Chemist: 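Before we start, here is the structure in question, set down as structure tokens.
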Amino acid sequence: MLDKIFDAKSFEGNFSFDIEASTRVPGAEPFMVLLPPPNITGNLHIGHALCYTLQDIVARYKRLKGYDVLFQPGVDHAGIVTQLLVEKQIYASGVERGTLTREKLLKEIWFWKENSSGTIVNQLRKLGISCDFSRQRFTLDEKSKKAVTKMFVNLHRNGLLYRGHRMVNWDPLIGSAISDLEVVEKEVDGHLWHIKYELEDGKDYIVVATTRPETIFGDVAVAVNPKDSRYKKFVGKNVRIPLVDRLIPVIEDSYADPEKGTGAVKITPAHDFNDYEVGLRNKLPIIDIFNDKAELNKEVPEMFQGMDRFEARNKVVDLLEKKEVLLKTENIKQTLPFGDRSGVVLEPRVTYQWFVNAEKLARPAIRAVKEGKIRFVPKHWENLYFEWLENIRPWCVSRQIWWGHRIPAWYGPDGQVFVAESESDAKQQALKFYGKHDVKLVQDEDVLDTWFSSGMWPFVTLDWPENSEDLHRFYSNMIVVTGFDIIFFWVARMIMMGIYAMKDIPFKDVYIHGLVRDKHGNKMSKSKGNVIDPLVLCDKYGADAVRYTLAYMSSPGRDIKMSDQVVETGRNFLTKLWNVVRFAQMNGCVYNEHFDPNEVTHPLNKWIIFEAKNTISAVEEAYKNYRFDDAARLIYQGVWNSLCDWYMEFVKPILQESALTDTIAEGYNLDQTLLKKDIRDTMAWVIVQLIRVLYPISPFISKKLSGELGATEVVWPNFDNIRLDFADSIKQVQLLKEIITSVRSLKQSFRMPPSEKFNAVLEGNTVEASSFIETYSKIIEKMAGVTFVNNIGMSLPIVLSGAILRVEIDRKIDVQKEIANFKKEVENCIKMRDAAMFRLNNEAFRNKATEEVIAEHNTRVEVLSEKISKTEYIIRSLEAMQ
RNA sequence: GGGCACAUAGCUCAGAGGUAGAGCACUACGUUGACAUCGUAGUGGUCGUAGGUUCGAUCCCUGCUGUGCCCACCA
């Protein structure tokens, strides 16, 4: 027997899903769920909880449906994030900056990784995520290293990966190049300084406006628009850079916009993407004035050397002012690029980097989605995917950090590059190239962008480049569930790299979930202090309740506003379910696996089987379409509204009061014991079916409760063989509900306490109705709160389909008020009936509306008319009482 | 500047070309055995705005307003 109190903690910890997660079903259709690997630095946050819960629901649903499910877990090495974090810890422990070696850092990170990677696994288990942990992978493990190296070499061999000297986004804090995607634009307050550049002869000057006066040391020209007549006279002449007196030419270039600034723009090819292009076009030199920390280097006057860029800016402005060449300072809003990890302003910088020709890889990736081979859910995210891939630029994959996949490239003494899968291969190449042994090769110091290895996740986890059986079996039969924010970072790259390496799409469906926000709709952040910890929620309400709530709230394309209150709704539902089983147990219901619904005879039992059947087929449809919200809602309604509110209340008196049972059993020519058994079997069976379809969403309680009822196995319910005719049962239960609801409603409007009972007489209009009344009168008495008597005094009729219920009324009620209420109801009905009739009288409607619609309108008019006359009858009866 | 999404009850959100739904909140009544993490009955909405298509639009189309997001540019 279950405890009176539902406490998730009392049983959730007792369940492990390791066995089902690692069980293979050899002959079955393969299906893989690819868990987006969390960063080793990360704790499980609520966003993970959502993401992983949804895919766990998919995995569990597929398992129930008999698929061979591989739910692949793993952890991402998260290059920059991890290195920054561990460096910070190392420096905090007293190690001096600059003394840290590559070996020491890597050792520390590995040590740190070994100690922290278990945390996430435990957290996932607590949440009930049924990954196959025996296959846990790491993006930097040996297999991954081999695969990544192979991929790099292949791409290079095919000319899709190359080394280039180009302008990239440089993060001065990390001291590394980063990709375009890692740049976040932010609007900040800035200034526009107008600076006077004198002509060589000192007789005239030109004014340039800049937001970055410190870069004047890197200026190589001043550009004006060819169509700008104001500056025609300057073109071809030289101007003098203030503070350094270097001469630079005034050139014409259409990049200069006469509308912007002064129309004359200083050109600093080393420190601006546009200027870089202008420089290339006009064959201008490049003067880089920064080092890798964005401090000024030897190219600038001595007093500025080693100075930070912002400090230099102030200093330059000061000096310009003193020299009276600063003509104006405007306050402006400007948008600057920041590093998403470091948070510092980025510098464009020309360096040697490795690039992937993403444009070529993108083409088949675009096609795969255009042709519908890969489907985004919700579909509109495809737009975003196309938008990015169609305008994709070369992907800078090298990073000047230490934590990551070392780039498999070696350099000869003359700088000749050898890309190879191993150092010995590189040496072979060098031997061929130089024609001699013992050439000293040095491996590239850099590592790869973390997303390079993440992008290979769908096939790396299946042991590519080995030709494994799993690779054939599961690749392409996958689903990825993730957030929109990594469509570019991850999803697009997996598709590009997957198609390149495997000549086939990695997965068919990409489900994009929303963002979890706080209850006010704000993004969660540590600084705002509004972060909700899923593990705290699990402790408080149970993992099942958290999972249920996340599923319940996952409407496609919507963000989720999370709060304790909404989890309470989930928890309350599970409590209800708990009590359903408790009730079943108290009434001797035990799951019987040989129970055949087709042998059920009693209408109440037939009805609940019908309800369960409908609910479950709708739930299945919902799971199929990734409508986790619908699935959760449907089960909620099936359990609460059909099973608890009606069925259990109907059968309660039969099971618990033998006097009632006699009457009801007689009505059906049933043996009392048989009737009870029928009910117990049906109830246990229906509950188990409903609990089973809840299993994907809330697995712990599902297992717990089905076990309590004696159903050990969790399988998907099968209703295919049910041949019952439900029509009569549905009609009867509808009438029962109608009678009971009407009486209750009447009672409330009379302000009668539920304990007080109406005396009532139930008159059947027809023979069938009479027998119906005979059968159910005890249930009606109990549930509606009436006492059937032979004769009553002054009464109010409740006119039902096929019966009239007369309830005895004394004069204490406020008749006027009741009349007014009923009159209002009549008015409403008339309004609706007339609207329907108006349409039916409209010739255009009759000609163009479908037959079903017209039939439905006719029925509506009938039903409403009947209701109107019934209510008017009641009103007349009330008026007669006055 | 280009694009995407959203706008339905006090709140959070479902929904369908043909009578507007749920949960929470609120009101009233109710606790000796499934459940107060509950029950019963209620209150509450010209479905953002202006047009169009249609016999019929809250739903489809267009414009507008507001909100959120993505991309690009900025001397």
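None of these values were measured; they are calculated from a predicted model. Proteins come first, then strands; the chains are lettered A, B, ... in the order of their sequence lines, and each starts at number 1.
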Chemist: Calculate the interatomic distance between A:Gln565 atom CD and B:C13 atom P; express it in whole Å.
Modeler: 12 Å
Chemist: Quick one: is A:Lys747 getting a side-chain N or O under 4.0 Å of the B:C29 phosphate, OP1 or OP2?
Modeler: no
Chemist: I want to verify a distance call: between B:C24, B:A34, B:C70, whose nearest atom is closest to the A:Asn579 side chain?
Modeler: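 The closest nucleotide is B:A34.
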Chemist: When you compare B:A7 with B:U58, how far apart are their C1' atoms, in angstrom units rounded to a whole number?
Modeler: 12 Å
Chemist: Got a donor-acceptor pair under 3.5 Å from the side chain of A:Arg744 to the base of B:U40?
Modeler: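 Result: no qualifying N/O pair found.
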Chemist: Measuring only the C1' atom in each nucleotide, how far is B:C24 from B:G18? A whole number of Å is fine.
Modeler: 31 Å
Chemist: Which nucleotide wins on minimum distance to the side chain of A:Phe488, given the candidates B:U12, B:A75, B:C70?
Modeler: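 Nearest nucleotide to the side chain: B:C70.
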Chemist: Could you tell me the separation between the CG atom of A:Asp180 and the P atom of B:A72, rounded to a whole number of Å?
Modeler: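 Rounding to the nearest Å, CG of A:Asp180 and P of B:A72 are 8 Å apart.
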Chemist: Looking at the side chain of A:Glu856, which of B:A34, B:C4, B:U19 is the nearest nucleotide?
Modeler: B:U19
Chemist: With rounding to the closest Å, how many angstrom separate the P atoms on B:A14 and B:G23?
Modeler: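 Taking atom P in both B:A14 and B:G23, they lie 16 Å apart.
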Chemist: Mind calculating the distance between CZ (A:Phe6) and C1' (B:C38) to the nearest angstrom?
Modeler: 15 Å
Chemist: OP1, OP2 of B:G15 versus side-chain N and O of A:Arg627: anything below 4.0 Å?
Modeler: yes
Chemist: What interatomic distance, in whole Å, is found between P of B:A25 and the corresponding atom of B:U37?
Modeler: 11 Å
Chemist: Looking only at atom C1', what distance separates B:G44 and B:A22, rounded to whole Å?
Modeler: 14 Å
Chemist: Look at the side-chain N and O atoms of A:Thr575 and state whether any lies under 4.0 Å from the OP1 or OP2 oxygen of B:C35.
Modeler: no
Chemist: Roughly how many Å apart are B:C73 and B:C60, using the C1' atom of each and rounding to a whole number?
Modeler: 36 Å
Chemist: Can you tell me how far P of B:A34 sits from CG of A:Leu577, to the nearest Å?
Modeler: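 Computing the A:Leu577:CG to B:A34:P distance gives 17 Å.
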Chemist: Expressed in angstrom and rounded to an integer, what is the separation of A:Glu568 atom CD from B:A36 atom C1'?
Modeler: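 Computing the A:Glu568:CD to B:A36:C1' distance gives 13 Å.
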Chemist: Please evaluate the base of B:U40 for a donor-acceptor partner in the side chain of A:Gln748 within a cut-off of under 3.5 Å?
Modeler: yes
Chemist: Could you tell me whether the phosphate oxygens of B:U12, OP1 or OP2, come under 4.0 Å of any side-chain nitrogen or oxygen in A:Arg633?
Modeler: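 Checking A:Arg633 against B:U12: no side-chain N or O falls below 4.0 Å of OP1 or OP2.
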Chemist: Heavy atoms from C-beta onward define the side chain here; which of B:G23, B:A75, B:U37 lies closest to that of A:Tyr636?
Modeler: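 The listed nucleotide nearest to A:Tyr636's side chain is B:G23.
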Chemist: Please determine, by modelled atom types, if A:His271 and A:Arg212 share a side-chain donor-acceptor pair under 3.5 angstrom.
Modeler: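 No donor-acceptor contact under 3.5 Å links the two side chains.
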Chemist: Do the non-hydrogen side-chain atoms of A:Lys652 and A:Met783 ever get within less than 4.5 Å of each other?
Modeler: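 Side-chain contact under 4.5 Å: no.
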Chemist: Taking atom types as modelled, is there a side-chain donor on A:Glu182 or A:Ser179 under 3.5 Å from an acceptor on the other?
Modeler: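 Side-chain D/A pair, A:Glu182 to A:Ser179: present.
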Chemist: Ignoring hydrogens and angles, are the base of B:A34 and the side chain of A:Glu649 linked by a donor-acceptor pair under 3.5 Å?
Modeler: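 Indeed, a donor on one side and an acceptor on the other fall under 3.5 Å apart.
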Chemist: Would you please say whether a donor-acceptor pair under 3.5 Å links the side chains of A:Asn282 and A:Asp253?
Modeler: yes
Chemist: Starting the side chain at C-beta, find the nucleotide from B:U12, B:C35, B:A7 nearest to A:Arg558.
Modeler: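 For A:Arg558, the side-chain atoms sit closest to B:A7.
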Chemist: Taking 4.0 Å as the cut-off, does a side-chain nitrogen or oxygen of A:Asn572 come that near to OP1 or OP2 on B:C35?
Modeler: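 It does not, given that no N or O in the side chain of A:Asn572 lies less than 4.0 Å from OP1 or OP2 of B:C35.
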Chemist: Consider the side chain of A:Asp257, meaning its heavy atoms from C-beta on, and name the nucleotide among B:G68, B:A75, B:G23 that approaches it most closely.
Modeler: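 Between B:G68, B:A75, B:G23, the one nearest the side chain of A:Asp257 would be B:A75.
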Chemist: Going by distance alone, is a donor N or O of one side chain under 3.5 Å from an acceptor N or O of the other, for A:Gln334 and A:Glu187?
Modeler: no
Chemist: To the nearest angstrom, how far is A:Leu384 atom CG from B:G3 atom P?
Modeler: 15 Å
Chemist: A:Glu387 has a side chain; which of B:C73, B:C70, B:C4 sits nearest to it?
Modeler: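 Of all the options, the side chain of A:Glu387 is nearest to B:C70.
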Chemist: I'd like to know if the side chain of A:Glu252 pairs up with that of A:Asn225 as donor and acceptor (distance under 3.5 Å, no hydrogens or angles considered).
Modeler: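 Short answer, no.
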Chemist: What's the gap between B:A28 and B:C69 when it is taken at their P atoms, as a whole Å value?
Modeler: 42 Å
Chemist: Quick one: A:Asp629 CG to B:U12 P, roughly how many Å, whole number?
Modeler: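 So the two atoms are 17 Å apart, to the nearest Å.
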Chemist: Quickly, which of A:Asp219, A:Thr210, A:Asp275 forms a side-chain hydrogen bond (donor to acceptor under 3.5 Å, both in side chains) with A:Lys266? Name it, please.
Modeler: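 So, applying the side-chain hydrogen bond (donor to acceptor under 3.5 Å, both in side chains) to A:Lys266 and each of A:Asp219, A:Thr210, A:Asp275, only A:Asp219 qualifies.
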Chemist: The side chain of A:Trp640 is closest to which nucleotide in this list: B:C38, B:C24, B:C4?
Modeler: B:C38
Chemist: Using the P atom as the reference point in each nucleotide, state the distance between B:C47 and B:A41 in Å, no decimals.
Modeler: 28 Å
Chemist: For A:Asn391, report the nucleic acid contact type (base, sugar-phosphate, nothing); a contact means any heavy atom under 4.0 Å.
Modeler: nothing
Chemist: Once you round it to whole Å, what is the distance between P of B:U40 and CH2 of A:Trp646?
Modeler: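 Interatomic distance, CH2 of A:Trp646 to P of B:U40: 8 Å.
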